[in-house]
Amino acid sequence: MNTLLENMHDGVREEGIRRAGEILRDGGLVAFPTETVYGLGADALDAEASGKIYRAKGRPSDNPLIVHIAEWDAIETITEDLPPQAKLLSDAFWPGPLTMVLKKSARVPYATTGGLDTVAVRMPSNEIALALIRAGGGYVAAPSANTSGRPSPTTAQHVLEDLGGAIDMIIDGGPVSIGLESTIVDLTEEIPVILRPGYISKEMLEKIVGEVRVDRGLLADDPSVRPKAPGMKYRHYAPKAPLFIVEGDRAHVREKINELTAAEYESGRLAGVVATDESFGVYMHAVVKSIGSRDQELTIAQHLYSILREFDLLEVSVIYSESFETPQMGPAIMNRLMKAAGHQVIRV
Ligand code: TXA
Ligand code: MG
């Protein structure tokens, strides 16, 4: 398949959006930028089109898709028994990086929800995404536009690497602004439950709807506790080299990483280090990359996935990463990093 590339670095181009909308309405696949990560879109109300997403990504069919909408009213079509919190959270955070899990209506095929009676809904804030959703009929199912098991794409180049030749079009809107997938909150329980942490933190949600819980499957080290979002049980984002997170007091972490990289170097191998702008200069005998600045946590989120992809292209034998317990996005950053590391932590 020939994958069309549409450049929209300077914003929405009507001509390209019209073409992309036609592809979606004909049951095809279009990758597009959102504020979180790039999405791989298909008509969410068309079972066959949704099915193509699973094949293109190599995604397990029990892993449901998020339906992206551009107007509040669209939520009436695809859900039932809408709880009052949905409108409150929409007023506070939509369009934006929040996904709500709600009871689905009969209009949404099980192919889109992975067989579940609930549907995940999100209204993204990216202008290109909103224009595409409107042009494509109003309901766009979109997982992250990566091959299953690879880090989510934060640039159109990442999408091309993974899915070039397998999808109809890629809209290039430049690098995304957040870099980690949306916060998912389940509103089908009496008390809302976070199924996946993201830019919208627990505290931000609690200001709007009161008590919010975190899914036990996210917290537990015990793998027998299954996360409620089916996608969270897979070991995503695993880099080729083993990844270890070094946790503890900052000075000790630096010392420990230097000790580990030196040992690697003496055995004739080269380690990789995920550092920050603040610590970049202190590491030796390793390929050192700065993920961003501790003073601006968004820069850490923005670069996490691209750094993992970069290390895959280098011949490093092992990767050591500092840990990032930052105030707003810390839980989201550490959730993704821990998954990439397969929960391998060195405590100092
Ligand atoms: O930021 C995002 O949410 C991005 C952009 C493209 O919007 N999308 C995204 O989709 O991250 P995906 O498919 O990579 O992740 C969706 C997650 C999966 O873990 C899936 O299991 C969960 O959402 N999910 C979807 N529908 C669900 C449902 N009805 N109940 C529970 N979890 C659900
Ligand atoms: Mg994904």
Side-chain angles (χ1 to χ4, degrees), residues 29-42 44 50 53-54 56-70 78-80 93-105 108-126 128-130 132-133 140-154 158-159 162-163 171 173 176-189 192-200 215 217-218 226-238 301 305 332 335-336 339-340:
L29 302 181
V30 177
F32 61 98
T34 81
E35 68 278 23
T36 57
V37 298
Y38 273 72
L40 176 60
S50 284
I53 289 181
Y54 290 91
K57 281 181 59 95
R59 181 180 177 103
S61 62
D62 69 345
N63 191 2
L65 307 172
I66 295 173
V67 180
H68 295 66
I69 58 174
I78 54 175
T79 65
E80 264 170 27
F93 301 116
W94 277 1
L98 180 71
T99 297
M100 302 186 216
V101 172
L102 299 157
K103 197 167 163 214
K104 87 170 191 74
S105 77
V108 187
Y110 283 114
T112 299
T113 67
L116 298 177
D117 288 314
T118 55
V119 61
V121 190
R122 164 160 126 83
M123 189 191 295
S125 61
N126 182 291
I128 296 169
L130 289 169
L132 176 71
I133 295 162
V140 174
S144 48
N146 51 294
T147 304
S148 252
R150 294 269 291 152
S152 293
T154 53
H158 295 158
V159 181
D162 283 12
L163 300 173
I171 302 177
V176 299
S177 58
I178 294 178
L180 296 180
E181 304 86 341
S182 61
T183 303
I184 303 180
V185 62
D186 181 1
L187 297 183
T188 64
E189 314 260 348
V193 186
I194 293 175
L195 305 186
R196 180 175 71 184
Y199 178 86
I200 308 286
D215 183 29
L218 289 183
R226 286 207 145 198
K228 192 167 177 194
M232 300 299 281
K233 71 175 180 272
Y234 298 106
R235 182 178 170 204
H236 280 190
Y237 333 125
Y305 289 139
N335 168 265
R336 308 312 194 275
K339 282 173 63 154

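Counting starts at 1 for both ligands and their atoms, following the listed order. Predicted, not measured: the structure shown is a model, and the values here were computed from it. Along the sequence shown, residues carry numbers from 1.
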Check: Heavy-atom count around Tyr199 OH within 6.0 Å, excluding the residue itself: above 12?
Finding: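 It does not: Tyr199 OH has 12 such atoms or fewer within range.
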Considering only heavy atoms of [X], which atoms of ligand 1 have at least one such atom less than 4.0 Å away?
X      : answer
Thr36  : 1 (O), 2 (C), 4 (C), 5 (C)
Leu116 : 28 (C), 29 (N), 30 (N)
Ala229 : 21 (O), 22 (C), 31 (C), 32 (N)
Thr118 : 28 (C), 29 (N), 30 (N)
Ala120 : 25 (C), 26 (N), 27 (C), 29 (N)
Ile66  : 3 (O), 8 (N), 9 (C), 10 (O), 16 (C)
Met232 : 19 (O)
Asn63  : 18 (C), 20 (C), 21 (O)

Check: Do the side-chain N and O atoms of Glu181 and Ser152 include a donor-acceptor pair separated by under 3.5 angstrom?
Finding: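 Distance-only check passes for Glu181 and Ser152.
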Note to self: Pairing donors with acceptors under 3.5 angstrom, does anything connect the side chains of Ser182 and Thr99?
What the structure shows: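 Note: Ser182 and Thr99 side chains meet the donor-acceptor criterion.
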Margin query: Strictly below 4.0 Å, N to O, side chains only: are Arg150 and Asp162 in salt-bridge contact?
Written below: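 Yes.
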Check: With a cut-off of 2.8 Å, does any N, O or S atom of Ser144 fall short of it relative to the Mg ion (ligand 2)?
Finding: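 Looking at Ser144, which is the residue asked about, there is an N, O or S atom under 2.8 Å from the Mg ion (ligand 2).
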Margin query: I want to know if ligand 1 touches Ser182 in the polar sense, i.e. an N/O pair below 3.5 angstrom.
Written below: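 Among all N and O atoms of Ser182, at least one is under 3.5 Å from an N or O of ligand 1.
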Notebook entry, point to check: Is Pro230 close to ligand 1, meaning an N/O of one under 3.5 Å from an N/O of the other?
Noted result: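 Yes: some nitrogen or oxygen of Pro230 is under 3.5 Å from one in ligand 1.
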Return the minimal non-hydrogen interatomic distance between [X] and [Y], and the atom names on each side.
X      : Y     : result
Leu163 : Ala56 : CD2-O, 3.4 Å
Ile133 : Ala70 : CG2-N, 3.8 Å
Gly39  : Thr34 : N-CG2, 4.4 Å
Thr112 : Ala44 : OG1-O, 2.8 Å

Contact check, [X] vs ligand 1, heavy-atom distance below 4.0 Å:
X      : value
Arg59  : yes
Thr113 : no
Pro124 : no

Ligand 1 versus [X], non-hydrogen atoms closer than 4.0 Å: side chain, backbone, both, neither?
X      : value
Pro143 : both
His68  : side chain
Leu195 : side chain
Ile184 : side chain

Side chain [X], main chain [Y], donor-acceptor under 3.5 Å:
X      : Y      : result
Tyr38  : Gly173 : yes
Asp186 : Val193 : no
Lys104 : Tyr110 : no
Arg196 : Val185 : no

Item checked: Heavy-atom proximity to atom 26 (N) of ligand 1, best of Ala142, Ala141, Pro64, Ser144 ->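 The option holding the nearest heavy atom is Pro64.
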Checklist line | Nearest-option assignment for atom 15 (O) of ligand 1, heavy atoms, candidates Glu181, Arg196, Met123 | finding: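 Selected option, by shortest heavy-atom distance: Arg196.
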